[in-house]
Amino acid sequence: MTKIFMLLCLLFLVASGFVNGSIKKEKNYDDIKLFELKKGDLTLKVTNWGATLVSLILPDKNGKLGDIVLGYDTPTAYTNDSSYFGATVGRVANRIGGAQFTLNGIHYKLIANEGNNTLHGGPRGFSDVLWKVEKYVRKGDRPLIKLSYHSFDGEEGFPGDLKVTVKYILGKNSLTIVMQAKALNKPTPVNLVNHAYWNLGNHNSGNILHEVVQIFGSKNTVFDDNLIPTGKISSVKGTPNDFLKPQIVGTRINQLPKTNGYNVNYVLNKGKLGNKEELKVAAIVFDKKSGRVMKLSTNAPGLQFYTANFVKNDKGKDGALCLESQAFPDSVNHPNFPSTIVTKEKPYKHVMLLKFSTKVPHAFSKF
């Protein structure tokens, strides 16, 4: 009788989707909501599914409002997203080679979802779960929304319980995104990323090959044919990846047949103080037609520049670029990379500050 009971329990767990420590929960569409923040000419929309940035509306140089974030028409559409549009990605964003790592002498096998590797936290990463809304202030001096998620020990193979929060805060012509995580019982790798796809000309204005980008990273992490870092760090000078001076995105993109476009992690130059808490300018984007300028500052050591090369059938495929401030990909398998290990004594904090204007920086005036 006991064996029959245990067998029935096992069948129930399989039917419920408990596989390798990952529980596939049913998607309750009634719980998926859209939240709006508004300050001045800026309007931001966020959904609690994946703590996802859905849209950001702001004026161009003529005062015409437009949405500069690619995405879907309804919040529930994000439950079937395969391109991580606007999502909060984790527990570890980007790739982990071989879907495995060793920490404190313990070998952890993750769930592979890109060949033999783990991408963006696994098949059920933080972008594919319902987050709890802890605070919501729609208007006023400091409009914000704070969302949280409890990642359980063993989720997608990662060790330890993890409390994660993400805040979206609107300022005067600015958006601040603050991602924090606290390990509750075991050390664990953490690398949270906001995966917004940007088009400063408006989300439906065509491709971004004409947009001008400057990236403040003089080096990049070298990767193999599977986009897994080799551990080497190389100078960008004299390569198509060199954006130390402003460059039009489409000028050299055809020189990158291996990745069919830009998909590279930059080692960001250190700021004046050179410490982890300081926000340093990572990138600037300029769209001449709309006149919009976006400046990204962050405390993260790296920046992934991605031109939506692998987006096939999703909306917005013709016009997107991602600027994902982050830890280096596969850091957990490369001791020479900045550590991504979070403990009870060493929590995680990642800040992105996005400033918007129509004032063209001097270095961009020739375009």
Does a donor on one side chain and an acceptor on the other come within less than 3.5 Å for Lys355 and Ser174? no
Can a donor-acceptor pair be found, under 3.5 Å and without considering hydrogens, that links the side chain of Asp330 to the backbone of Gly97? yes
Could you walk me through whether Lys38 and Thr43 satisfy the side-chain hydrogen bond (donor to acceptor under 3.5 Å, both in side chains) test, starting with their C-alpha distance in whole Å, then the side-chain angles of each, then the deciding distance to 0.1 Å, before giving a yes or no? CA-CA 5 Å; Lys38 191 169 181 62; Thr43 302; 3.0 Å; yes
Give, for atom CD1 of Ile177 and atom CG of Leu192, the distance between the pair rounded to the nearest 0.5 Å. 11.5 Å
We want to know whether Asn191 and Thr340 form a side-chain donor-acceptor pair, criterion being a heavy-atom distance below 3.5 angstrom. no
Would you confirm whether Ser339, through its side chain, and Ile341, through its main-chain N or O, come within 3.5 Å as a donor-acceptor pair? yes
Kindly assign one of parallel, tilted or perpendicular to the pair Phe286 and Phe364, based on the angle between their ring planes and the thresholds 30° and 60°. perpendicular
Kindly assign one of parallel, tilted or perpendicular to the pair Tyr266 and Phe305, based on the angle between their ring planes and the thresholds 30° and 60°. tilted
Between NE2 of His334 and OG1 of Thr230, what distance do you get to the nearest 0.5 Å? 7.0 Å
Hey, any chance Ile284 and Ile208 share a hydrophobic cluster, counting ILVMFWY side chains that come within less than 4.5 Å of each other, even indirectly? no
Straight-line distance of Leu42 CG to Asn173 CG, nearest 0.5 Å: 6.0 Å
Ignoring hydrogens and geometry beyond distance, is a side-chain donor-acceptor pair present between Thr251 and Gln247 at under 3.5 Å? no
State plainly whether one hydrophobic cluster holds both Leu184 and Ile106, where clusters connect Ile, Leu, Val, Met, Phe, Trp and Tyr through side-chain heavy atoms under 4.5 angstrom apart. no
Is it the case that atom NZ in Lys109 sees more than 12 heavy atoms from other parts of the structure closer than 6.0 Å? yes
Taking side-chain hydrogen bond (donor to acceptor under 3.5 Å, both in side chains) as the criterion, tell me which of Asp60, Asn202, Asn199 meets it with Arg292. Asn202
Indicate whether the side chain of His210 and that of Asp287 have a donor and an acceptor atom separated by less than 3.5 Å. yes
Closer than 3.5 angstrom, by distance alone: can the side chain of Thr307 be matched with the main-chain N or O of Tyr262 as a donor-acceptor pair? yes
Can you check whether Lys61's main-chain N or O pairs, donor with acceptor, with Lys64's side chain at less than 3.5 Å? no
Would Glu211 and Lys288 pass as an ion pair if we require N to O under 4.0 Å? no
Whether Arg95 and Glu114 form a salt bridge (side-chain N of Lys/Arg under 4.0 Å from carboxylate O of Asp/Glu) is what I want to check. yes
Going by atom types only, do Asn94 and Gln326 share a side-chain donor-acceptor pair under 3.5 Å? yes
Is Ile215 reachable from Val281 through a run of I, L, V, M, F, W or Y residues, each pair having side-chain heavy atoms under 4.5 Å apart? no
Looking at Tyr108 versus Phe158, is the centre-to-centre ring distance below 6.0 Å? no
Sidechain-backbone polar pair: Thr188 side chain, Pro159 backbone, donor-acceptor under 3.5 Å: yes
Residues Arg124 and Glu156 bridged, charged N to O under 4.0 Å: no
Measure the acute angle between the ring planes of Tyr78 and Tyr72, then classify it against the limits of 30° and 60° as parallel, tilted or perpendicular. perpendicular
Quick check for you: to the nearest 0.5 Å, what is the distance between Lys39 atom NZ and Arg138 atom CZ? 13.5 Å
Polar side-chain atom of Asp153 near backbone of Leu162 as donor-acceptor pair, under 3.5 Å: no
Asn48 side chain vs Ala51 backbone, donor-acceptor pair below 3.5 Å: no
Judged by atom type as modelled, is there a donor-acceptor pair below 3.5 Å linking the side chain of Asp31 to the main-chain atoms of Lys33? no
Walk me through whether Asp161 and His150 qualify under side-chain hydrogen bond (donor to acceptor under 3.5 Å, both in side chains). CA-CA 7 Å; Asp161 290 277; His150 182 111; 2.9 Å; yes
Do any N or O atoms from the side chain of Thr298 and from the backbone of Val351 form a donor-acceptor pair under 3.5 angstrom? yes
Is it true that, when you exclude Asn185 itself, more than 12 heavy atoms of the residues, nucleotides or ligands shown sit nearer than 6.0 Å to its CG? yes
State plainly whether one hydrophobic cluster holds both Phe35 and Val69, where clusters connect Ile, Leu, Val, Met, Phe, Trp and Tyr through side-chain heavy atoms under 4.5 angstrom apart. yes
Is there a chain of hydrophobic side chains (I, L, V, M, F, W, Y, each step under 4.5 Å between heavy atoms) that links Phe328 to Tyr348? no
Does a donor on one side chain sit under 3.5 Å from an acceptor on the other, for Ser127 and His195? no
Could you tell me whether the side chains of Asn263 and Gln304 share a donor-acceptor contact shorter than 3.5 Å? yes
How long is the span from the CD1 atom in Ile96 to the CD1 atom in Ile228, to the nearest 0.5 Å? 9.0 Å
Cationic tip of Arg252 within the cone over Phe243's six-membered ring, i.e. under 6.0 Å and within 45° of the normal? yes
Can you measure from CZ (Phe223) to CG (Asp225) and round to the nearest 0.5 angstrom? 9.0 Å
Just by modelled atom types, is the Ala77 backbone N or O under 3.5 Å from a matching donor or acceptor in the Trp49 side chain? no
Looking at every non-hydrogen atom in both residues, tell me the closest pair between Leu56 and Asp67 and how far apart they are. N-OD1, 3.1 Å
